[in-house]
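To start, the structure itself, in structure tokens.
The sequence lines fix the lettering, A, B, ..., with proteins before strands; numbering per chain opens at 1.
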Number of protein chains: 2
Amino acid sequence: MAGIEEVARRAGVSTATVSRALSGRGYVSEATREKVTAAAAALDYVVSSNASSLASGRTRNVGVVVPFLNHWFFSSVIEGAESALLRQGYDLTLYNLTGGGEARKSVFDHFLLRQRVDAVIAIGLELTEAEVSSLHAMGKPLIGVGGPIPGVLSLTMDDVAVTRLATEHLIALGHTRIAHIGGGKEFDLDFHLPSHRRTGYEDALRDAGAPVDPALYRPADFTLPGGYDATKQLLGSPHNRPTAIVAASDEMAIGSILAARDLGLSVPGDLSVVGIDDHQLASFFGLTTVAQFPIRQGEHAVEALMHLLEPAHGEPSSADVPLPYELIVRSSTSRPPE
Amino acid sequence: MAGIEEVARRAGVSTATVSRALSGRGYVSEATREKVTAAAAALDYVVSSNASSLASGRTRNVGVVVPFLNHWFFSSVIEGAESALLRQGYDLTLYNLTGGGEARKSVFDHFLLRQRVDAVIAIGLELTEAEVSSLHAMGKPLIGVGGPIPGVLSLTMDDVAVTRLATEHLIALGHTRIAHIGGGKEFDLDFHLPSHRRTGYEDALRDAGAPVDPALYRPADFTLPGGYDATKQLLGSPHNRPTAIVAASDEMAIGSILAARDLGLSVPGDLSVVGIDDHQLASFFGLTTVAQFPIRQGEHAVEALMHLLEPAHGEPSSADVPLPYELIVRSSTSRPPE
DNA sequence: CTGAAAGCGCTAACAT
DNA sequence: ATGTTAGCGCTTTCAG
């Protein structure tokens, strides 16, 4: 464990110069920089991040807070964020709030505030005003992914537009009885994602002059089994059944496909299904979907943070960034049956 | 941002006493402890983890290294580890090695060694000797989950026994033509998990006096589509087809079920399927499986670490800990067709 | 462009 | 049981 002093001695300079040479802050001549780098390498020197943080006030560490880990979307965003942070020389410390209220309070009080992190990325989480303002009071940048947080720079998909696009795809194919499987009320707490998606669906229908039939809406829990059950309900009545389903997530959409099969209906012959996400399994099931790109969302979040954290990265944009999405047509959608 | 000094002043004691009272190390009278706690609370004081780490040499932070994030097993272990660490007042910093060689080197050289972590948990990863010894040289405890690392305390399932159990379940039901979908060679690098599982399958067969037919083995990639394809191959030949399949993971087993359906075979009427994992989707598909408990594995790992890190937790056990597993019988297995 | 020196905020001997 | 004091290893003014 060589220290900065040894490096300084070996390079024949002061510790201050070593610090400047290695961190890139302040003027150092090219020649000394090389000497220092060589000495550091020879000694396997790595700065002690604690000493560095204590002296500089920067930790080069960002906290990432998620409500679940065990879910495609969250782990993908984390993956993107982690690799982007690594490239910038930052660490990622993970806080999972699955535990509930107690864990949540403890995370905010004792961990995030402990000067452990330079900034926080909140994924798919609605923070309370108190949480937001305590972070801001400490000067910690906060950035949201997957939903707008009031007063906070957020990366968010236009959820209304996304389901609208999915629904319009179906309408363009000739469907008029289009059902929607959305999220239940319990998922509406964070960002009203289910409401937004439902709104997009209804907007598309209205614009096309098609009726919005409340019987064609079913809430579910974003899981495959949830989509399966909802679909069975939707298709159960022999009369007037929908010819297409827009599901608010791919997992639910896959549940729809399986339910249709179990009822002896063919997809897309008897029923068209479109999802939202472009989940890993979507292509296996031939699912038409509107892709969101969670890995890139994580990377975006980090880029935005770097603008806030490192002046060299240029001016931060203060406006919320709309995230890209894209309709991917596979084999689960076609014209409605005659 | 109140500092320790203000707390000391307010409580009418020295900073050393505040430190002792708050950290629990060293003697403090009950009365002063209360005074200090009250003062700290009143000032919203939280220790600066950097200063604390610098002075004490302990970071209360553990590094968790994984090869993937986007996978049920890994995110579950992390979830278990995270909540256990939180309870102990530790942070978890996450290192994802998906990026490949470059990222891996950078993680070990610049992050883990930067005195950022007190210990490392490696999940499903085979570390090189150099990696292991550099950690040990720094006095960082290392503990493996999901596979044995030579010279390192590891939590590992008995993979041979697990597939043996799955296979014996099928044999007990009367099956004799039992196929196995294992992992391909490319997955054998880390811990030879595929080989072990295959061995358990073959052992069970031999013990029962059933023939081991190489034609009944198929490698796949642990994914649902991989299991699907492998199963189609296995069931393709009209003669002498297996009546049961042991898949080395639930995702592959679910692929098997879907493949069987697509071929017009009923599960379990024509084909019994058993998986390994007890994945979230297993119960939806009625999949009989051998459960492993990744969340608990993460918790176990943390407990083991605490024994190494905090003397108060008692003696560390130096032997590798065998992880529990359990056969869960659902509706994908039954007696073979007549 | 480089060096000297004063901390960053806390912990751990060592005294008492 | 509590206070005193000397660092932990680096960064950053401030001089030069």
### Task
Check the pair B:Thr17 / B:Ser14 against side chain to side chain donor-acceptor pair (under 3.5 Å), numbers first and verdict last.
CA-CA 5 Å; B:Thr17 301; B:Ser14 71; 3.2 Å; yes

## Note on the structure
Rounded to whole Å, the CD1-P distance (A:Ile4 to C:dA5) equals 16 Å

### A:Leu155, A:Val64, A:Ile78 screened by side-chain contact (heavy atoms from CB on, under 4.5 Å) with A:Ile121, the one that passes
A:Val64

#### Entry: Sub-4.0 Å heavy-atom contacts from residues 42-62 of chain A onto DNA chain C, ordered by number
A:Leu54, A:Ala55

### Query
On DNA chain D, which is the earliest and which the latest nucleotide, 5' to 3', with an atom closer than 4.0 Å to a heavy atom of chain B?
D:dA1 to D:dG9

### Task
Tell me, with the steps shown, if A:Thr98 and A:Asn96 meet side chain to side chain donor-acceptor pair (under 3.5 Å).
CA-CA 6 Å; A:Thr98 306; A:Asn96 177 19; 2.6 Å; yes

### Query
Between A:Leu142 and A:Leu127, is any pair of side-chain heavy atoms under 4.5 Å apart?
yes

### Query
Do A:His71 and B:Gln280 touch side chain to side chain, with heavy atoms closer than 4.5 Å?
no

### Query
Distance from A:Ser75 atom OG to B:Glu79 atom CD, nearest 0.5 Å?
11.0 Å

### Query
Any idea which heavy atoms bring A:Glu299 and A:Gly80 closest together, and the distance?
CG-O, 3.5 Å

### Query
Do B:Leu309 and B:Lys140 pass the side chain to side chain contact (heavy atoms under 4.5 Å, CB included) test, and can you show the C-alpha distance, the side-chain angles, and the key distance before you say yes or no?
CA-CA 9 Å; B:Leu309 255 23; B:Lys140 307 286 181 212; over 6 Å; no

### Stretch residues 16-37 of chain B: residues that reach within less than 4.0 Å of DNA chain D through a heavy atom
B:Ala16, B:Thr17, B:Arg20, B:Tyr27, B:Val28, B:Ser29, B:Thr32

### Task
Could you go through the side chain to side chain contact (heavy atoms under 4.5 Å, CB included) check for A:Leu94 and A:Leu69 one step at a time?
CA-CA 10 Å; A:Leu94 183 65; A:Leu69 222 40; 4.0 Å; yes

### Message
Quick one, B:Glu6 with B:Tyr45, criterion side chain to side chain contact (heavy atoms under 4.5 Å, CB included). Give me CA distance, side-chain angles, the key distance, then yes/no.
### Response
CA-CA 9 Å; B:Glu6 297 170 57; B:Tyr45 170 77; over 6 Å; no

